[in-house]
Amino acid sequence: MVRSDGISRALDLAREAKGHGADLVEWRLDSLVETEGGIRAAVRLIEESPLPCIVTVRDESEGGAFGGGHETRLAAWHAFASASPPPAYIDIELAAMHEGESSRAFVASLHRGSVAHEGRARAILSFHDFRGRPPGLSGKVSEIWADQSVAVAKVVWTARTARDNMEAFELLRLRAKPTIALCMGEHGLMSRVLAPKFGGFLTYARSDEHGTAPGQPTLHELLEDWDFRTITRSTKVYAVIGYPVAHSRSPAVHNTWFRKAKFDGRMFPVAVAPMWEAFKATLGELIACEGLDFSGAAVTAPHKVHALDYLAEVGGKVDDDAAALGAVNTIVRGTDGSLRGMNTDAGAIVEVIEGALASSTKKRLKGARVLVLGAGGAARAAVYGLAKAGAMVSILNRTPKHAKQLAKDLAGDLGEIAVVSPGHLPKEKFDVIANCTSVGMTAGPDPEGDPLPEGVALDASTLVFDAVYAPEETPLLARAKRCGAPTLGGAAMFLAQARAQFRAWTGSAPLP
Ligand code: NAP
């Protein structure tokens with residue numbers, strides 16, 4: 001948004017953006033044109049613009065700051081079109097076209113090229129809804145497509161869920177003329193980054209200082225983190241599905257590995273409300289979306305059981321570990337459309353604990369005495385993996401009933417799994433203590449807490465593992481260090497399970 005005292009700064013930012021690789025700049029002149037001399041200042045901005053530009057005077061009714069009358073805006077458009085050189089595009093709202101003959105006549109004049117001195121400005125006809133999906137969406141888009149005097153159609157709305165991105169992609173696929181279809185807000189990122197995959201006319205990025213729509217990535221994020229220039233029609237798409245999911249490190253980790261491996265894939269955070277119906281509908285739409293090349297997902301809380309149920313319902317294949325655990329954290333979709341569910345958590349816990357135990361205490365996991373704290377999803381993976389690897393596992397949980405149920409669920413082939421009651425701590429020493437509760441986790445139920453009761457011996461012969469990875473050093477790990485015990489943080493497990501996912505999706509290990 002450019003103000004009258006900000007013209008020089010705006011031009012500097014545009015030069016910077018050009019240096020970083022932007023192709024176009026949008027000048028948002030909403031309030032500028034309402035000020036004394038504002039239209040003249042706007043024309044200067046257009047004429048000195050270091051990049052071809054789109055000029056926009058967005059009305060308050062569509063999320064902008066322009067509150068003036070139709071005549072002011074019409075005068076501004078005419079002045080813009082007469083600039084030398086004129087802007088590449090003038091963004092005009094569909095609603096303004098409905099307001100009167102003068103808007104229509106102006107857009108028609110752009111089409112005929114009769115008002116520009118050099119080259120000519122073209123019309124982008126747009127509509128925006130900040131509240132959600134606009135009513136009559138397809139009818140409005142069809143109206144713009146049918147208007148011969150309009151160069152580009154633009155529709156932008158706030159995504160209610162990730163599923164709205166699929167509708168934006170469909171509009172791009174079916175476009176009858178160059179089209180911009182983008183979703184705003186936390187759920188809309190996919191539509192912004194993947195616009196070139198579906199032939200979108202452009203996407204917007206913001207400078208570090210200014211943004212005009214919620215959810216817009218910065219130019220740096222778009223070009224560097226998302227490697228936007230290399231996105232093609234065949235880019236494979238992955239999701240990390242959870243709720244909440246914004247904190248997940250999976251997209252950053254996998255996108256970095258994809259880039260290093262020159263693997264044409266991108267992973268997006270996809271927040272899906274906790275219910276089974278929401279999970280089923282979202283995964284179903286990702287799979288069905290034509291041209292998306294949806295190739296897999298990392299599944300996190302609270303959807304790991306839903307993922308297993310989904311695969312059972314559609315006849316997908318489920319690996320033995322995932323079936324035994326009753327939880328899928330990885331979905332692989334083959335190019336033939338086949339679906340496979342895996343669980344990489346159990347193997348990752350075993351891999352990292354086995355390695356750390358050998359290097360710190362020279363002990364083997366087979367036969368080691370392990371105390372697992374917790375009885376939730378992470379504990380289930382730990383108990384299963386460690387018992388399968390031959391460790392003697394005991395479970396201690398705040399709610400003993402949950403621990404007993406877990407031991408009962410996993411007993412059988414894994415042999416006896418002991419349950420320790422919080423009131424009767426064992427005198428024996430453990431070779432490994434593994435925290436799989438969320439105690440000690442930043443923003444968790446008890447961030448300052450330590451889940452290991454006083455009285456459990458800790459010294460150099462006991463490896464202490466904490467599945468929590470934020471913070472890096474939890475209160476439990478700090479206490480273990482004070483007692484001289486070797487420690488292992490949750491980041492090691494996270495990376496090990498992510499490496500296994502990467503191998504499943506790409507066929508090779510991530511490069512260091
Ligand atoms: P979950 O299924 O919700 O289980 C939570 C467990 O924590 C339950 O056993 C629960 O006990 C216990 N708990 C919660 N609040 C407690 C409190 N105030 N005092 C004592 N116990 C408490 O969660 P999850 O998926 O297993 O995840 C657990 C932790 O592991 C999380 O911090 C998660 O971030 C981490 N994790 C890390 C990785 C990794 O790759 N490093 C992977 C998965 C999970 P009750 O049964 O009594 O409710």
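Given the structure is predicted, the values throughout are model-derived calculations rather than measurements. Indexing begins at 1, ligand by ligand and atom by atom, following the structure's order. These values consider heavy atoms only, across backbone and side chains, with no hydrogens, waters or symmetry-generated copies.
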inquiry  = For ligand 1, give me the residues whose heavy-atom distance to it is below 4.0 Å, by chain and number please.
reply    = Gly374, Ala375, Gly376, Gly377, Ala378, Asn397, Arg398, Thr399, His402, Cys436, Thr437, Ser438, Val439, Met441, Pro445, Ala467, Val468, Tyr469, Gly490, Met493, Phe494
ask   = Mind checking whether Phe279 and His306 have parallel, tilted or perpendicular rings, split at 30° and 60°?
value = tilted
ask   = Can you list every pair that meets salt bridge (Lys or Arg N to Asp or Glu O under 4.0 Å) and has a residue in residues 379-406, with sequence neighbours left out?
value = Asp321-Lys388, Arg380-Asp409
ask   = For Phe201, what residues pass the ring-ring contact (aromatic ring centres under 6.0 Å, His included) criterion, not counting sequence neighbours?
value =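 With sequence neighbours excluded, Phe201 shows a ring-ring contact (aromatic ring centres under 6.0 Å, His included) to Tyr89, given in chain and number order.
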key: Set of residues satisfying side chain to side chain contact (heavy atoms under 4.5 Å, CB included) with respect to Ser295, sequence neighbours excluded   = Lys236, Tyr238
request  = Inspect the surroundings of CZ in Arg229 and state if more than 12 heavy atoms from other residues, nucleotides or ligands are less than 6.0 Å away.
outcome  =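 Check passes, neighbour count above 12.
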ask   = Would you call Asp319 and Arg340 a salt bridge, taking side-chain N to carboxylate O under 4.0 Å as the test?
value = yes
